[in-house]
Undergrad: 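Right, I'll just put the structure down here and ask away after.
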Amino acid sequence: MEKLTQKDNLPSSTQFSEFWRKFKKNRMGLVGLVMLAAITFVAVFAPLIAPHRSSSILNVGVSDIYKAPSAQHIFGTDDAGADVFTNFIYGARVSLTVGFFAAFISIVIGGVLGIVAGFFGGRVENILMRFTDIMLVIPDLPLMVVIVALTKPSLLNIIFVIGLLGWTTTARMVRSQTLAVKSRKFVLRARAIGSSQFHIIRRHIFPLVTPILVVQAVLVVSLAVLNESTLSFLGLGDPTVLSWGQMLNYAFGRGAMSTGAWWALVVPGFGIVWVVLGLTLLGQGLEQVLNPRLDTHHLMPGRPNVKSTSVALSRNETQPASGKSLLEVQNLSVNYVTEGQLSARAVESVSFTLKEGELIGLVGESGCGKTTLMLALLQLLPSAGQIVNGQVLFGGRDLTTLSDDEMNTVRWSEISIVFQGAMNALNPVRSVGDQIAEAIKKHLTGFPSDKISTRVVELLDLVGIAADHKDHFPHQYSGGMRQRAMIAMALACNPQIIIADEPTTALDVMIQAQILELLNSLRTKLGLAIIFVTHDLGVVAEMCDRVLVMYGGVTAEYADVDIIYNEAKHPYTQELLKAFPDLTRPKKKLSSIPGYPPRLDALPAGCRFAPRCPVVFERCHQEQPSLHQMDGNRHIASCHLLEASK
Amino acid sequence: MNKERLLEVRGLKKYFEAGRPALFSRDIRKVHAVDGVDFQLRHSEVIALVGESGCGKSTLALLLMGLEDPTAGTVTFEGRDITHLNDNERKDLRRKIQMIFQDPYESLNPTQTIEEIVNEPLLVHGIAKDKRERDERVKKAMEDSGLKPAEVYLNRFPHELSGGQRQRVVIAAALVLEPEILLADEPVSMLDVSIRAEIINLLAELRITRQIAVIFITHDLGSVGFFADRVAVMYLGRIVEIGTMLEVLEKPQHPYTKALISVIPVPNPRLRRKRIILQGETPNPIDLPTGCRFHPRCPVAISACKINDPSFVSRSNSHQTACLLLVK
C-alpha cells in the first residue's frame with residue numbers, strides 16, 4: 001500500500017475553508033462583500049448611527065424644509081424637514097429587509113421547482129417549465145404594479161409580490177444544473193444502493209446545486225431591492241415606512257427637483273446603487289469561485305516560453321541531425337512554475353532519437369510526464385510550463401529556440417499531433433471536411449484553393465472514410481471514424497512526424513485494432529515517423545520499433561522493443577510488464593505495482609521509483625541513478641543495480 | 001464450489017423507443033439493446049460479459065440491477081423472479097446485488113467525505129443503527145477493499161484520492177452491504193495498467209474471502225483472463241458464445257470471438273500475430289440485420305447466414321456457440 005506521509009494524515013480541509021481560501025483571492029467578490037457588510041451594519045445599528053431620531057419632525061417650520069447640507073444635517077433635510085441622512089440609514093433597514101425576505105421566497109420557490117422539474121423530468125418537468133416560461137414572459141413590473149395597486153400596499157404585501165414573481169430565472173438555472181448533476185454516475189450509484197428519491201435529492205443533487213443557488217440568491221436580492229425601490233418610487237410602497245424608493249418618491253413628488261434640493265434625491269439613489277453594485281460584485285465573485293467551469297485559465301496553452309539563456313550554452317557544439325535520424329531530443333527538461341515558484345519538475349533530462357519511418361513508443365503511467373514531453377516538443381506547453389534545458393533538433397534547427405511564428409511553420413506541416421478523445425478535439429458545429437480544409441488553408445498558405453476540396457477527399461480516403469461523409473458533422477461520426485478524421489487532419493500538410501497521444505485509449509478493442517492498422521499502413525505508405533504515447537504495453541509490443549519508458553518525469557529505460565519485453569533491466573519496466581494481462585497466458589496472475597507514481601511536485605530524493613521498487617536498496621533512497629548504457633548505445637536504463645552488477 | 005444457481009437470466013429483452021421514422025408514421029422504431037439473453041450465475045462464480053460498445057452489455061447490467069425494467073424475460077435470484085418487484089422488495093434486493101461503475105471520477109459525489117460515501121448504504125437501508133457497529137462495518141469494508149488503515153481515508157474527499165483509490169471506495173461502498181453479487185461494469189477501463197491489475201486482484205480476492213459472485217462486464221477480453229470462470233461474448237444484444245474461460249480463449253468457435261481474441265494486443269513483440277480485423281463497426285441496434293446478426297461483418301459468412309438466425313450449438317456441457325457453420 002502507498003506510504004502515507006505526515007501531511008496526508010492531517011484532517012482534510014473542509015469545503016468551506018477551501019471556498020474561503022479561493023474567495024479571499026477574488027478582489028471583486030471581496031469588494032462586494034465589504035460593501036454589503038457595511039450597509040448591513042448601518043441598517044442593523046441604525047439607532048446608534050443615525051444623528052437624529054427617525055421621527056424627529058418636531059417643531060418643523062417652513063424654513064426646515066429642504067434645508068441644504070449643514071453641520072446639523074450633513075445631507076440636508078427633506079420635504080418634511082426631517083434629516084435626510086437619518087432617513088437614509090433607516091431606509092436601508094426597509095430596503096434590505098424587503099430585499100432579503102423577497103429573495104428568500106424567490107430562491108425557495110425557484111430552487112424547489114427547478115430541482116423537482118430537473119430531477120423527475122417527464123410530464124412534471126413539462127408542466128413546471130411551461131409554467132415558468134409563461135411567468136418569464138409576463139413583464140414583472142406592470143404585473144407587480146397591478147397586484148400591489150389592487151392589494152393594500154403594506155410592506156408584507158410588497159415582499160410577497162416581489163418574492164412570488166422573482167423566481168423564474170432561478171428555477172431555470174437550478175433545473176439545468178439538476179439535469180447535469182442527475183446524469184452523473186454517482187446518482188446512478190446512489191440508485192443502485194437503493195436510495196429513495198428524496199434521499200438522492202437531499203444528499204446528491206442539493207449539495208451540487210447549492211453553489212448555483214448561492215450565486216443566484218445574491219443576484220435575486222439585488223433585483224428585489226431594485227424592484228422595491230421602483231414600486232415605492234411609483235407611489236405603491238408602504239406609506240408607514242420609509243424606504244429609499246419612498247424617499248425618492250416623496251422628494252420627486254414634492255418639488256425637490258424644482259427647488260434644487262438635489263440631496264433629497266441623490267442620497268437615497270446612492271443607497272440603491274451601493275447595494276445593487278455590492279451585490280452584483282459579490283455575485284460575480286462567488287460565481288467565479290463556485291463555478292468550476294470558469295476556472296480553467298491556467299490550463300490553456302499560453303505563449304510558448306523561450307528557454308532561459310543561461311542553460312542553452314552548449315547549442316553551437318551540436319551538429320545538425322545527420323543521416324537518417326529525423327528528430328533528436330537531447331536532455332530535455334521541463335519545469336512547471338506557478339506564481340513564480342517551481343512547482344514541479346515534470347520532465348528531466350530526457351533524450352531520444354526518432355529515425356525516418358520509425359515508430360517509437362512512449363510508455364508510462366499517468367502523471368509520468370509523457371504528455372508534457374510531447375507538448376514541449378511542439379512548444380505547446382501551458383503557460384506555467386517552461387523548457388529549462390535541452391534541445392529538440394529537427395531539420396538542423398533547435399525547436400526550443402524558435403519564435404512562435406517560426407514554430408508555426410513546423411507545427412502541423414512538419415510535426416503534427418493526434419490527440420486523445422477525438423470528440424473534444426473536433427468542433428461540433430462544423431463539418432469534418434470543413435475542418436480538414438481549414439487545417440490545409442491555415443498551414444499551407446500557397447495551396448491552390450480550387451484543389452482543397454479534392455485534397456480533403458484524398459485525405460479522407462487515405463484514412464478509410466468514404467467521400468460522402470465529408471460534409472457530415474462530428475456527432476454523425478462514430479468514435480472510430482472521429483479518430484480517423486483526426487488522423488486525416490494531422491496528415492493534411494504531409495508531415496514527417498506524427499505524435500499520437502493515446503489515440504486509441506477510449507476505443508473498443510476492435511476499433512483500436514482498426515486504428516492501429518491504419519497507422520501502420522500510413523507509416524509504410526507515407527514513410528511517416530510516429531511517436532506513440534500510451535500506457536498500453538500490448539499496443540506498444542504490436543506496433544513499435546523502439547520504446548522509451550518514462551517514470552516520474554525521467555527516462556527509466558530506452559531500448560528496442562524486443563529488449564524491453566524480453567530483457568528489461570529496469571525494475572519499473574519489469575513490474576509494468578507483470579501487471580499487464582497476457583492473453584496467451586490466461587492463467588498467469590497479474591501482479592500490481594504497489595502505490596502510485598510520485599507526484600511531480602513532491603519527488604523523492606533518490607531514485608524516483610525507489611518507494612515502489614521491489615529490489616530497492618539503501619543507495620536508491622539517497623542518490624538519483626544516472627543513465628546506464630548497455631549494448632553500445634542501443635539500451636539505456638537508469639538503475640543503481642546496473643552499476644552494482646558491472 | 002456450490003453449484004446451486006444464484007442468478008438465472010431467461011429470454012431477457014429490453015427495447016428502447018427511438019422515435020418515429022417520419023413525423024406521421026405509425027410505427028415507432030425500437031432500439032434492440034438487449035434482445036434475448038440467457039445465462040446462469042452460480043455462487044461465488046465469476047462470469048465475464050464481453051463485447052464492443054453497443055452490444056447491450058451496459059443495458060444488461062442495468063436490467064440485472066433493476067434500474068431498468070425489461071421488455072420481456074425474467075431474472076431469477078435465489079429462485080425468485082426479481083423483474084417485477086415493488087419498491088420495498090426492490091430495496092431489499094439491492095442489498096444482495098451491488099454494482100461498481102466504470103468511471104471512478106464520476107461515480108463518487110464530490111461533496112461527500114469517504115466516510116459518508118461508504119456509510120451511506122447503511123443509512124439508506126437502516127442497517128446497523130448503532131453508531132459503533134456502523135463504524136465497524138465501514139472500517140471493515142474499507143480495509144477489505146484495500147484502503148488501509150481506514151482512518152486515514154475517512155475524512156477525505158474523492159478529489160484527494162487517485163483513480164485506483166476511488167475505485168476502491170466504490171467497492172467498499174458496495175461491500176458494506178455484504179452483497180452476494182457484484183456487478184462490475186468496466187471497472188478498470190478508465191484506470192492505468194498498473195492499477196488495473198490491483199483492482200482485478202482485489203475482486204479475485206473478494207470472491208474467495210467473501211464468497212461473492214462477480215459479473216464482470218468489459219470490452220477487453222485480455223483483462224479478465226485468469227480471473228473469470230466463464231466468459232460470455234455478446235454481439236448486438238445477444239450472447240453469441242459462452243463457455244469456460246479456457247474454452248473460449250483457447251478454442252473460440254464463433255468467428256466474432258475469434259476476431260475479438262485476435263486483436264487483443266499481446267505484450268510480446270515476438271508474438272506479433274495475424275489479426276482478424278473486422279471492418280466497420282457494430283451496426284445500430286434499430287435495424288437489425290436479417291438472419292445471423294453478425295453476418296454483415298463476418299469474414300466467413302455463407303449465404304444461409306443472411307436468412308437463418310442460428311441457435312446455440314454445444315461443443316461441451318459448458319461451451320455453446322450460436323453459429324450456422326457449426327451445425328452439422
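Predicted, not measured: the structure shown is a model, and the values here were computed from it. Residue numbers start from 1 in every chain, and the chains themselves are labelled A, B, ... in the order their sequence lines are given, proteins ahead of strands. The basis for the numbers below is simple: all heavy atoms, side chains too, and nothing from hydrogens, waters or symmetry mates.
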Undergrad: Name the option with the most non-hydrogen atom pairs under 4.5 Å to chain A; the candidates are B/Gly66, B/Ser107, B/Gly51.
TA: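 If we count pairs closer than 4.5 Å to chain A, B/Ser107 comes out on top.
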
Undergrad: Counting only heavy atoms closer than 4.5 Å, note whether B/Glu52 contacts chain A via side chain, backbone, both or neither.
TA: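 The answer is both parts of B/Glu52.
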
Undergrad: Which heavy atom of B/Pro265 sits nearest a heavy atom of A/Phe580, and at what distance?
TA: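 That closest heavy-atom pairing would be O-CE2, 4.3 Å.
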
Undergrad: Non-hydrogen atoms of chain B under 4.5 Å away: do they reach the side chain of A/Leu188, the backbone, both or neither?
TA: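 The answer is both parts of A/Leu188.
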
Undergrad: Against chain A, label B/Leu93 side chain, backbone, both or neither, depending on which of its atoms sit under 4.5 Å from a heavy atom there.
TA: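 When you check distances to chain A, no heavy atom of B/Leu93 falls under 4.5 Å.
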
Undergrad: The criterion is side chain to side chain contact (heavy atoms under 4.5 Å, CB included); which residues satisfy it with B/Ser58, sequence neighbours excluded?
TA: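 If we apply the side chain to side chain contact (heavy atoms under 4.5 Å, CB included) test to B/Ser58, skipping adjacent residues, the hits are B/Asp185.
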
Undergrad: Below 4.5 Å, heavy-atom pairs only: which of B/Ile264, B/Ile276, B/Asn201 has the largest tally toward chain A?
TA: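 Looking at each option in turn, the highest pair count goes to B/Asn201.
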
Undergrad: Is it the side chain or the backbone of A/Gln512 that comes within 4.5 Å of chain B heavy atoms, both, or neither?
TA: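 Looking at A/Gln512, just its side chain touches chain B.
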
Undergrad: Is it the case that the ring center of A/Tyr551 lies less than 6.0 angstrom away from the ring center of A/His570?
TA: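 No, they do not, as the ring centres are separated by 6.0 Å or more.
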
Undergrad: Please determine, among B/Lys91, B/His125, B/Glu116, the option with the most heavy-atom pairs under 4.5 Å with chain A.
TA: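 The answer is B/His125.
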
Undergrad: Contact part of A/Val540 toward chain B, heavy-atom cut-off under 4.5 Å: side chain, backbone, both or neither?
TA: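 Contact with chain B is through the backbone of A/Val540 alone.
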
Undergrad: By a 4.5 Å heavy-atom criterion (distance strictly below it), what part of B/Glu250 contacts chain A: side chain, backbone, both, or neither?
TA: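 Looking at B/Glu250, just its side chain touches chain A.
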
Undergrad: Testing the basics here: between B/Ala173 and B/Pro121, what is the closest heavy-atom pair and its distance to 0.1 Å?
TA: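 Residues B/Ala173 and B/Pro121, closest heavy atoms: O-CG, 3.3 Å.
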
Undergrad: Where does B/Arg196 contact chain A at under 4.5 Å (heavy atoms): side chain, backbone, both or neither?
TA: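 Only the side chain of B/Arg196 comes within 4.5 Å of chain A.
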
Undergrad: Measuring heavy-atom distances to chain A, does B/Leu108 have an atom under 4.5 Å in its side chain, in its backbone, in both, or in neither?
TA: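 Contact with chain A is through both the backbone and side chain of B/Leu108.
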
Undergrad: Taking side chain as everything from C-beta outward and backbone as N, CA, C, O, which of these in B/Leu177 sits under 4.5 Å from a heavy atom of chain A? Side chain, backbone, both or neither.
TA: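 The answer is the side chain of B/Leu177.
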
Undergrad: Indicate every side-chain donor-acceptor pair of residues 201-213 of chain A with a distance under 3.5 Å to a residue at least two apart or in another chain.
TA:
unit_1, atom_1, unit_2, atom_2, d
A/His204, ND1, B/Asn109, ND2, 3.0
A/His204, NE2, B/Glu120, OE1, 3.2
A/His204, NE2, B/Glu120, OE2, 2.6
A/Thr210, OG1, A/Phe206, O, 2.7

